[in-house]
2 protein chains.
Amino acid sequence: MATIYQVSELAGVSLATVSRVMNNSPRVSDTTRTKVLAAMEQLGYRPNSIAQSLASNRSNSVGILVSELHGPFYGEMLSGIENECRAAGKHVIIAAGHSEEASEIDGIEFLISRSCDALILHVEAVSDDYLIKLAEGKLPIVLINRYIPQLAANCICLNNELGGYLATRQLLQQGHRQLAYIAGPMWKSDAKDRYAGHLRAMAEYGVKVNPALFAEGDFQDSSGSRCMQQLLDSGLAFTALVCANDEMAAGAIETARQRGLNLPQQLSIVGFDNLILARYIHPKLTTIDYPIGEMGRMAARWVLKNIYQQQTIRLKNVFEPALICRESACHFDAANQTA
Amino acid sequence: MATIYQVSELAGVSLATVSRVMNNSPRVSDTTRTKVLAAMEQLGYRPNSIAQSLASNRSNSVGILVSELHGPFYGEMLSGIENECRAAGKHVIIAAGHSEEASEIDGIEFLISRSCDALILHVEAVSDDYLIKLAEGKLPIVLINRYIPQLAANCICLNNELGGYLATRQLLQQGHRQLAYIAGPMWKSDAKDRYAGHLRAMAEYGVKVNPALFAEGDFQDSSGSRCMQQLLDSGLAFTALVCANDEMAAGAIETARQRGLNLPQQLSIVGFDNLILARYIHPKLTTIDYPIGEMGRMAARWVLKNIYQQQTIRLKNVFEPALICRESACHFDAANQTA
DNA sequence: TAGTATGATGTAAGCGCTTTCATTTATAGC
DNA sequence: GCTATAAATGAAAGCGCTTACATCATACTA
């Protein structure tokens with residue numbers, strides 16, 4: 001492995017000049033630059049980026065912390081970020097936090113220790129205080145799907161309340177008046193906000209909410225099945241169901257089918273997230289689009305603009321969900337209902 | 001940020017002693033060790049791992065190159081690797097190669113430049129020669145889903161031929177004798193091997209292969225749809241279909257449903273991979289399990305054993321597929337067939 | 001007590017690169 | 001040609017840590 005010393009010797013210049021060429025400094029004449037580049041090529045020189053990072057305290061890399069490395073949601077987000085950074089010549093370093101405080105902190109410290117120039121964080125367990133203190137340090141951070149008022153300019157979020165509203169309004173517009181709701185874990189703000197949107201739409205249409213038609217899941221498909229069973233076992237009539245995410249909708253659909261319900265004629269279902277699996281569920285799931293890929297790209301653009309001064313585009317912190325109509329929800333028709 | 005100099009001053013020892021404590025050297029007395037640890041704790045000392053890497057040419061990290069950051073396949077593999085490494089106190093650094101030679105090389109060089117202690121590679125575009133030469137260097141590599149005879153001990157693969165055999169045999173055992181096949185891109189070794197397994201099972205059951213009941217897709221679900229249309233348009237009769245992966249099976253199922261086929265009574269379908277989506281397809285997909293999570297864990301164990309000397313377990317290079325029976329394939333029954 | 005071996009600690013020299021400040025060179029204007 | 005200014009280049013000092021070899025302290029044996 002050739003070093004900067006060997007390049008400087010072959011080119012007949014100092015280390016500092018080689019460094020300037022490497023880093024595109026204007027303080028190098030074209031003649032000298034050509035000489036140095038030729039020496040680099042002859043030696044097959046590759047900069048040692050560890051040494052660069054130690055000397056400069058920068059790494060040309062963006063650190064990303066996600067909850068998990070698997071799953072359609074995180075895959076889309078990571079791809080969105082990575083594609084945007086790669087296009088700008090930046091690398092990413094990815095860590096997983098597993099939604100546990102200690103593990104999230106460990107991941108963040110790993111990224112810091114790697115001299116990442118900025119952090120893009122999707123974290124759930126660490127406290128607001130920890131993040132606020134982190135943001136007070138020299139390392140810029142962007143939060144995805146986590147809103148902290150003190151760091152509002154650094155937060156990139158989906159308008160979950162509007163998503164819940166849109167999901168519910170669709171069913172109401174289709175004539176349904178007896179709606180059940182399967183929620184995510186209600187300590188999570190996105191689960192709470194989606195439910196708030198649901199309540200807003202119900203109120204707007206003057207439909208009374210029956211608390212017995214509410215069940216709380218954990219965002220996994222098995223809890224969707226469980227909640228669906230609970231709702232059906234209650235014996236209460238409902239012709240439509242809003243699920244706080246697609247996976248729980250998938251579980252609910254499976255249970256409904258096992259119970260002999262004709263879908264969507266006897267029960268219309270709307271999910272949330274527009275995961276790739278929504279297209280494979282039968283009937284194809286009507287859902288709310290969560291543009292996580294685009295949000296990842298926006299986080300990357302935030303970094304490129306604020307840290308690397310590379311972009312002049314307008315940044316966007318709040319993303320709007322969109323209704324995606326497929327086949328799992330249809331117009332209410334009393335003739336389809338069995339007692 | 002406290003440095004090693006500040007720790008050595010507070011503890012009243014040399015830099016080397018602090019370094020020895022940090023790196024668990026036996027050449028430190030318990031008295032001194034306690035003193036140094038107390039100084040570290042008082043100062044909130046965190047080692048600068050960039051400096052550690054530069055000085056030691058090691059990083060306590062394993063580099064991973066995958067084709068993409070999204071998708072169930074890569075997510076499972078990444079999670080498998082990361083979980084195993086994390087449990088052993090190692091970090092991972094992940095890069096994406098996008099199945100393009102230049103991008104794969106760029107990703108590998110990024111990982112090398114970060115002083116990764118070993119590389120786990122899932123690469124498609126770079127040549128065998130490149131990888132052989134890379135393996136001759138000082139940096140140990142493990143290949144997932146890529147078999148190179150000269151590097152056999154470093155390759156972790158699935159027995160794709162057996163998977164294709166199992167998929168086809170299942171349908172033959174269920175009484176089917178007119179089988180169609182949707183292949184992956186036949187320049188890819190896994191696509192080729194799976195088809196070879198299909199041919200073996202057909203020969204074993206003495207069933208003649210009709211070349212007109214073969215279509216080549218690209219592993220994406222849209223090509224599954226296209227190939228299915230092609231097969232149905234041929235007007236040739238077939239009661240069962242083997243698809244070289246689950247995504248193409250999903251596309252084929254959608255097309256069959258649109259053409260009014262009753263599934264699985266009129267057409268039995270088997271996929272390959274056991275992606276998570278297989279459970280959401282309706283009818284639930286009978287498929288071949290590809291234990292990519294476990295293979296990722298095995299790759300990590302290879303590294304832990306060979307680089308870090310941490311494991312004494314028996315390593316496994318070839319993984320066997322398994323048949324997963326669900327609902328998309330049923331016994332052949334002539335009464336179900338329409339002319 | 002002296003000599004030897006072992007364990008513990010310290011000193012010094014990097015690892016490959018960046019960057020500040022000093023020095024040199026080139027250019028423009030008078 | 002001289003002077004002032006700007007551009008270009010070089011020298012030197014780290015960045016935070018590792019580690020080989022030198023040195024010191026201690027225990028054991030003859």
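Proteins come first, then strands; the chains are lettered A, B, ... in the order of their sequence lines, and each starts at number 1. Hydrogens, waters and symmetry mates play no part in the numbers below; they use all other heavy atoms, side chains included.
Counting only heavy atoms from C-beta on, A:T17 has its side chain closest to D:dG10 among D:dC15, D:dG10, D:dC17. When each of C:dT20, C:dC17, D:dG16 is scored by its nearest atom to the side-chain atoms of A:R20, the top-ranked nucleotide is C:dT20. Of the candidates D:dT18, D:dG10, D:dA20, the closest approach to any side-chain atom of B:A55 belongs to D:dT18. Distances were taken from every side-chain heavy atom of B:L15 (C-beta onward) to each of D:dG10, C:dC17, D:dT18; the shortest belongs to D:dT18. Taking only side-chain atoms of B:T32, from C-beta outward, the nucleotide of D:dC17, D:dA11, C:dT9 with the closest atom is C:dT9. Distances were taken from every side-chain heavy atom of B:P47 (C-beta onward) to each of D:dG14, C:dG10, D:dC17; the shortest belongs to D:dC17.
The side chain of B:S56 places no N or O atom within less than 4.0 Å of a non-bridging phosphate oxygen (OP1 or OP2) of D:dT18. Here A:Q52 does not reach the OP1 or OP2 of C:dC17: none of its side-chain N or O atoms lies under 4.0 Å away.
When the P atom of C:dG16 is taken as reference, atom CZ of B:R114 falls 16 Å away, rounded to whole Å. If you measure from atom CD1 of A:I50 to atom C1' of C:dT18, you get 15 Å, rounded to the nearest angstrom. In this entry the distance linking CG of B:N60 with P of D:dG16 reads 20 Å, nearest Å. Between the OH atom of B:Y5 and the P atom of C:dA12 there is a distance of 13 Å, rounded to whole Å. Atom-to-atom, CG of B:N57 to C1' of D:dG16 comes out at 16 Å; the value is rounded to the nearest Å. In this structure, A:I4 places its CD1 atom 12 Å from P of D:dG10, rounding to the nearest Å. Between the CG atom of B:N48 and the P atom of D:dG14 there is a distance of 17 Å, rounded to whole Å.
At a threshold of 4.0 Å, the pair A:R301-A:E294 counts as salt-bridged, since one of the basic side-chain nitrogens sits closer than that to a carboxylate oxygen. Remark: A:E109 does not engage A:R114 in a salt bridge, criterion side-chain N to carboxylate O under 4.0 Å.
Overall, the helix from C:dT1-D:dA30 to C:dC30-D:dG1 carries an axis bend of 40° between its ends, with five pairs at each end and the value rounded to 10°.
Residues B:L54 and A:T31 both approach DNA chain D. Their nearest nucleotides, taken by heavy-atom distance, put A:T31 toward the 5′ side.
In the region residues 21-30 of chain B, proximity to DNA chain C at under 4.0 angstrom, judged on heavy atoms, holds for B:P26, B:R27, B:V28, B:S29.
Judged purely by distance below 3.5 Å, without hydrogens or angles, the side chains of A:R86 and B:H98 pair a donor atom with an acceptor atom.
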Stepwise side-chain contact (heavy atoms from CB on, under 4.5 Å) test for B:R146 and B:D128
CA-CA 9 Å; B:R146 177 83 177 260; B:D128 285 5; 2.8 Å; yes
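Across all strands, B:S53 comes closer than 4.0 Å to no nucleic acid atom at all (heavy-atom distances). B:R58 comes within 4.0 angstrom of sugar-phosphate atoms only, judged by non-hydrogen atoms across all strands, and of no base. Within the 4.0 angstrom heavy-atom criterion, base atoms lie near B:S19.
Heavy atoms from other residues, nucleotides or ligands lying under 6.0 Å from CD of A:E320 number more than 12. Enclosure of atom CD in A:E9 is not indicated, since only 12 or fewer non-hydrogen atoms of other residues, nucleotides or ligands lie within 6.0 angstrom.
Two rings, from A:F319 and A:Y290, have their centers 6.0 Å or more apart.
Between the B:S8 side chain and the B:Y5 main chain, a donor and an acceptor come within less than 3.5 Å of each other.
Between atom CG of residue A:N57 and atom CG of residue A:L139 there is a gap of 9.5 Å, rounded to the nearest 0.5 Å.
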Please report, to 0.1 Å, the donor-acceptor pairs under 3.5 Å made by any side chain of residues 115-124 of chain A, with sequence neighbours excluded.
residue : atom : partner : partner atom : Å
A:D117  : OD1  : A:S59   : N            : 2.8
A:D117  : OD2  : A:N60   : N            : 2.7
A:D117  : OD2  : A:S61   : N            : 3.2
A:D117  : OD2  : A:Y308  : OH           : 2.4
A:H122  : ND1  : A:S67   : OG           : 3.4
A:E124  : OE1  : A:S99   : OG           : 2.7
A:E124  : OE2  : A:K188  : NZ           : 3.1

